[in-house]
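Data first, discussion second: the structure below is written as C-alpha cells.
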Amino acid sequence: MRVDVRPFRDADVAPAAELLADRHTRQREAEPLLAGLGDARAEVERAWRAQEAGGAVALAGGEVVGYLLGSIRESDAWGRHARVGHAGHASRDPEVVRDLYAVAAGDWVAAGARLHLALVPALGELVDPWLRLGFGHMQAHALRESGAEPRPLPAGLVVRRGEIADLRSTPSLATVIWEHQRQAPALTGLDAPPPDELLGGWEDAVADPASAYFVAELEGAVVGHLLLYPEEPDLATPPGSVYLAVAATLPEARGRGVGVALTDHGLAWAREAGYETVHTDWRVPNLESSRFWPHRGFRETFYRLARRVEIG
C-alpha cells in the first residue's frame, strides 16, 4: 500500500479510533479473554493527550489508514525514552507501521529519546513489522483463566499465607529476580533497590488487604513466594482480573516443584476470591520464565518490544 505520512492532528482521533477498534476485534478473535473495547476514541485521545506525546498518520487516497502515537518519558531504569502504549498504534496494513515509525522516530530522537518501547499485540502479522524496524522482544504479557486442579505437593513442601516476617527472615527472596535477570541472557543491568526501600515496598504490598501473598516452605525453610493483587482494566487486562506480580524460588530449591505448587495455589485462590482471569508478565530473554509461564497455561497477549538507536 502506497501511503503519505504526516504528523498526527486532533482531527485524526476519530479515524484512528476506528482503526484501533478493528485491531482489537482481531485480537479478541485470537484471545477471547480480552474484554471488548468500550470507547476506542477515549483510548486514542488518552494516548494523544499524554505528556510530550506526538506521532504520525498514514493516508491513502485521503483516508487515514494507520497511526502511531508515542510519548517521551523519564525513568530511573531507562532514562529518557519514547513509549508507544496499548492504544498507540493501528493500521489497515501492518506494514504501514514502518512508514509511520520512520516519521515519528526522528522526532523522538531529536527530543533525546534513544530507547524506544512499544506495546504490540501478540499477533505475528502485527509484531513482524516492528522486528524489521530493529525492535526485539523485551517483555511478554499473558492471560489465563483462574483456578487450578489440585495435585499432591512434593514431599516436604508446604504452601501457606505469608507474612512480612517471612520475607525479613529470608531477604534473598526479595532480590532473587533482580539478581537472576542481571545474568545472561536477560542482562538487564539493573541493581535491586536498597534493602530498606525494597522491604518497605514489600511490607506495603503484603499488608494490603486486597493482595494475596503466599510462601513455600521446603523442609521447614522458606524457599519461594508469590504475590497477587487486583489491577485496573485496560486493553490488555479485562475487568475481573488479578495480577500475578511476583513469583520466585531460591536457586537451591529449583527443580523440586516449588514454583508449580505456588502457582497452582495462587490460581486456586484467585478463583475462590472471585477473579475470572489472571494476568502476568515476564522478560522474554529470561529462559526460565519464558518457558515456565506458558507451561502454566498463560497465553501471550501483548509484547513490549524495545529498540535502542544509534548503536552503529
Side-chain angles (χ1 to χ4, degrees), residues 141-181 192-232 237 240-283 286 288-299:
H141 294 258
L143 295 173
R144 63 153 285 171
E145 299 80 2
S146 62
E149 293 296 324
R151 71 179 95 196
L153 293 177
L157 183 65
V158 174
V159 178
R160 60 169 174 81
R161 276 276 187 170
E163 302 175 352
I164 194 62
D166 295 310
L167 200 55
R168 293 192 182 278
S169 68
T170 316
S172 56
L173 267 179
T175 59
V176 65
I177 293 178
W178 293 83
E179 294 168 357
H180 180 71
Q181 295 196 148
D196 289 346
E197 178 184 331
L198 191 59
L199 288 174
W202 269 103
E203 188 167 2
D204 292 342
V206 173
D208 186 341
S211 69
Y213 180 58
F214 302 105
V215 297
E217 289 183 334
L218 188 59
E219 297 168 357
V222 174
V223 295
H225 67 169
L226 180 144
L227 175 70
L228 305 102
Y229 55 78
E231 59 182 341
E232 291 296 317
T237 308
S241 179
V242 67
Y243 180 41
L244 199 165
V246 176
T249 303
L250 295 179
E252 60 269 24
R254 291 175 192 156
R256 300 182 65 178
V258 175
V260 172
L262 276 167
T263 302
D264 285 349
H265 198 88
L267 292 171
W269 170 86
R271 173 60 58 85
E272 293 169 4
Y275 296 105
E276 297 180 0
T277 57
V278 181
H279 164 220
T280 196
D281 57 86
W282 60 87
R283 283 292 174 107
N286 181 336
E288 290 81 1
S289 293
S290 64
R291 293 164 180 163
F292 179 85
W293 294 112
H295 283 135
R296 304 279 74 75
F298 283 91
R299 301 183 294 275

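- The backbone N or O of D166 lies less than 3.5 Å from a partner atom in the side chain of S169, making a donor-acceptor pair.
- Heavy-atom contacts from other residues, nucleotides or ligands closer than 6.0 Å to CD of E276 number 12 or fewer.
- In plain terms, the two heavy atoms of I177 and A247 that are nearest each other are CD1-O, 3.7 Å.
- To the nearest 0.5 Å, atom NE2 of residue H180 and atom CG of residue L250 are 13.0 Å apart.
- Evaluated for a side-chain contact (heavy atoms from CB on, under 4.5 Å) with W269, the options L228, D264, V278 yield exactly one hit, L228.
- In this pair, W282 and W293 present their aromatic rings parallel. The plane angle is below 30°, not in the 30 to 60° band.
- For E149, the CD atom counts as loosely surrounded, since its 6.0 Å shell holds 12 or fewer non-hydrogen atoms of other residues, nucleotides or ligands.
- Proximity of a side-chain donor or acceptor of R256 to a complementary backbone N or O of P154 within less than 3.5 Å is not detected.
- Within the model, atoms OG1 of T175 and CG of L199 stand 9.0 Å from one another, a figure rounded to the nearest 0.5 Å.
- Separation of atoms CD (E197) and CH2 (W202) is listed at 14.5 Å; rounding is to 0.5 Å.
- At least one donor-acceptor pair under 3.5 Å links the side chain of R254 to the backbone N or O of T249.
- Relative ring orientation between H279 and H141 is described as parallel, the plane-to-plane angle staying below 30° on a 0-90° scale split at 30° and 60°.
- From E163, atom CD reaches atom CZ of R168 across 12.5 Å, with rounding to the nearest 0.5 Å.
- Partner of L226 under the side-chain contact (heavy atoms from CB on, under 4.5 Å) criterion, chosen from V159, V215, L244: L244.
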